[in-house]
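Small disclaimer: the values here were computed from a predicted structure and weren't measured. Quick note on labels: first sequence line is chain A, next is B, and so on, each numbered from 1.
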2 protein chains.
Amino acid sequence: MTYTLAEEDYLKTIYKIAERQGVPVSTSAIADLMQTRPASVTDMLKKLAEKDLIDYKRYHGVSLTKAGARWATQLIRKHRLWECFLVDKLGYNWDEVHEIAEQLEHIQSDTLIDRLDDYLKNPKFDPHGDPIPDASGAYRMRYQILLSDLEIGQQAILVGVREHTSTFLQYLDQNNLALGVNLEILEVLPYDGSLRLRLAEENPLLISGQVARQLYVRQITSAV
Amino acid sequence: MTYTLAEEDYLKTIYKIAERQGVPVSTSAIADLMQTRPASVTDMLKKLAEKDLIDYKRYHGVSLTKAGARWATQLIRKHRLWECFLVDKLGYNWDEVHEIAEQLEHIQSDTLIDRLDDYLKNPKFDPHGDPIPDASGAYRMRYQILLSDLEIGQQAILVGVREHTSTFLQYLDQNNLALGVNLEILEVLPYDGSLRLRLAEENPLLISGQVARQLYVRQITSAV
DNA sequence: TTCGTACTTTAGCCTCGTCTAAATTTAGAC
DNA sequence: GTCTAAATTTAGACGAGGCTAAAGTACGAA
Ligand SMILES: [Mn+2]
Ligand SMILES: [Mn+2]
Ligand SMILES: [Mn+2]
Ligand SMILES: [Mn+2]
């Protein structure tokens, strides 16, 4: 079985919304994320339901079937592995790879992605810290909480980003907030929820609550 | 400017036919090579002419404009570089890469192919011995003659293949006819034009005239 | 010079994926 | 329980890219 580029992008979008907001996934949520019109989404939902990739009940949103979820997971696997390739091998920055991977994920081949996986030495996370499903579709959810949920004095490691826009990633670059950095909450400003952070060897950094809510961290269990 | 996948494949096809048979390129020649119908080709030719990628006169075939030729050359560059990647980095055999490269050549990015080129160390020939245009579209024609045009006693190096089908390439593999091998014509059978070849360290190999006409060689200027 | 045939184009139709505008349904407010 | 606003679907259209069948053109043979 093989699906069109458009069908694949819909499946991936439904998967991502379901992951964040749960099921059922609404027509308008899909339209928003795909920058398309609800009417177009409805048309496509009928096709995907016809192919047993989603469960669809008129006016009540959709959820992926087993087959749909499996296909979506494979797309995510391909997207993230290609992002690794672009960053690790071709030297792209993490804010430049999404659009290209969005295309590369649709390349049809029974063997390509597994060979790429091996070539990259089977990475477990992509450049944005997102987990890469294995060939069977399995992946371990990253242990994570939002930076905005930490308290003063707590230490953590930056493990992922919730927002993937270029501007946001470039902002992080400019402030030396790369995946893996160690940080500590020095202060939480009560007025607007801004955070003052300590980064290794640097002056304290002030970030907005808005930013803190887009960063996933793994808390360091208070040593000793 | 950007073109659709279908438009790009037509440009590439026209380029290849023109390279072999010269201009003008006929509607039916394009239809044959693309496995489509002449009526469909006519429709597309009108669109390409509208976009000034080809010169088209009804009933009299087409030729590429400067812009069309430039675009086609870039597609060929991308196709061949991706083939290098698949063979050199992912370990594919030369008979397995065409279909995948046929898709990869359409990935849209201003920077991707030049980065890939650098990553591969700027190869000058693809796995089939075909020259790879540089970023400006320039490439040196490989020095070549057909193996079938050699005479008894002449020595040569296999530098390219005229046919790219899997079955043909696998046939070559089975007979140790890889690019770069040294060979000598031992005998030409008058009845059907078959050739008996000497390959290094091996028993003589008999190939048909049909095969010999699909192999490009560079003659070794008779030493001493 | 006139045919006859092969090649090419046109006409009309189809599917895919999108759109706008209009109709319908749901669900919350009262 | 009704009503209304928001969400969703339907109806009708379009462009891209393909097809078949029919019509038109070119060109070599006689
Ligand atoms: Mn995509
Ligand atoms: Mn990513
Ligand atoms: Mn192609
Ligand atoms: Mn090739």
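- Note on B:Asp114 versus B:Arg77: salt bridge recorded, some NZ/NE/NH1/NH2 to OD/OE distance being below 4.0 Å.
- For the pairing with A:Asp117, the side chain to side chain contact (heavy atoms under 4.5 Å, CB included) check across A:Leu112, A:Ile132, A:Leu81 returns one residue only, A:Leu81.
- Residues A:Ile145 and A:Leu150 share a closest heavy-atom pair of CD1-CD2, 3.5 Å.
- Within residues 25-39 of chain A, the residues having any heavy atom under 4.0 Å from DNA chain C are, by residue number, A:Thr36, A:Arg37, A:Ala39.
- For DNA chain C, the outermost nucleotides in 5' to 3' order that have an atom under 4.0 Å from a heavy atom of chain B are C:dT8 to C:dT10.
- Comparing B:Val41 and A:Met44 along DNA chain C, the residue whose closest nucleotide (by nearest heavy atom) sits nearer the 5' end is B:Val41.
- Between A:Leu172 and A:Trp94, the closest heavy-atom pair is CD1-CH2, 3.8 Å.
- By the 4.0 Å N-to-carboxylate-O rule, B:Arg142 lies close enough to B:Asp130 to be salt-bridged with it.
- In a base pair of the Watson-Crick type (N1 to N3 plus N6-O4 or O6-N4) or a G-U wobble (N1-O2 and O6-N3), with each distance short of 3.5 Å, C:dT1 is matched with D:dA30.
- Using modelled atom types, one finds no donor on one side chain facing an acceptor on the other under 3.5 Å when comparing B:Thr73 with B:Tyr139.
- Ring pair A:His128/A:His164: centre-to-centre distance below 6.0 Å.
- Within residues 55-65 of chain A, the residues having any heavy atom under 4.0 Å from DNA chain C are, by residue number, A:Tyr59, A:His60.
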Donor-acceptor contacts under 3.5 Å from residues 42-58 of chain A side chains, at least two apart:
residue: A:Thr42; atom: OG1; partner: A:Pro38; partner atom: O; Å: 3.2
residue: A:Lys51; atom: NZ; partner: A:Glu7; partner atom: OE2; Å: 2.6

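- Listed by first then second residue, pairs satisfying salt bridge (charged side-chain N to carboxylate O under 4.0 Å, His left out) with a partner in residues 90-108 of chain A read A:Lys12-A:Glu102, A:Lys12-A:Glu105, not counting sequence neighbours.
- Rounded to whole Å, atom C1' of D:dG17 lies 13 Å from atom NZ of B:Lys46.
- Contacts of A:Gln103 classified as side chain to side chain contact (heavy atoms under 4.5 Å, CB included), with partners at least two apart in sequence or in another chain: B:Ile107, B:Gln108.
- If you measure from atom CG of A:Asp43 to atom C1' of D:dA13, you get 12 Å, rounded to the nearest angstrom.
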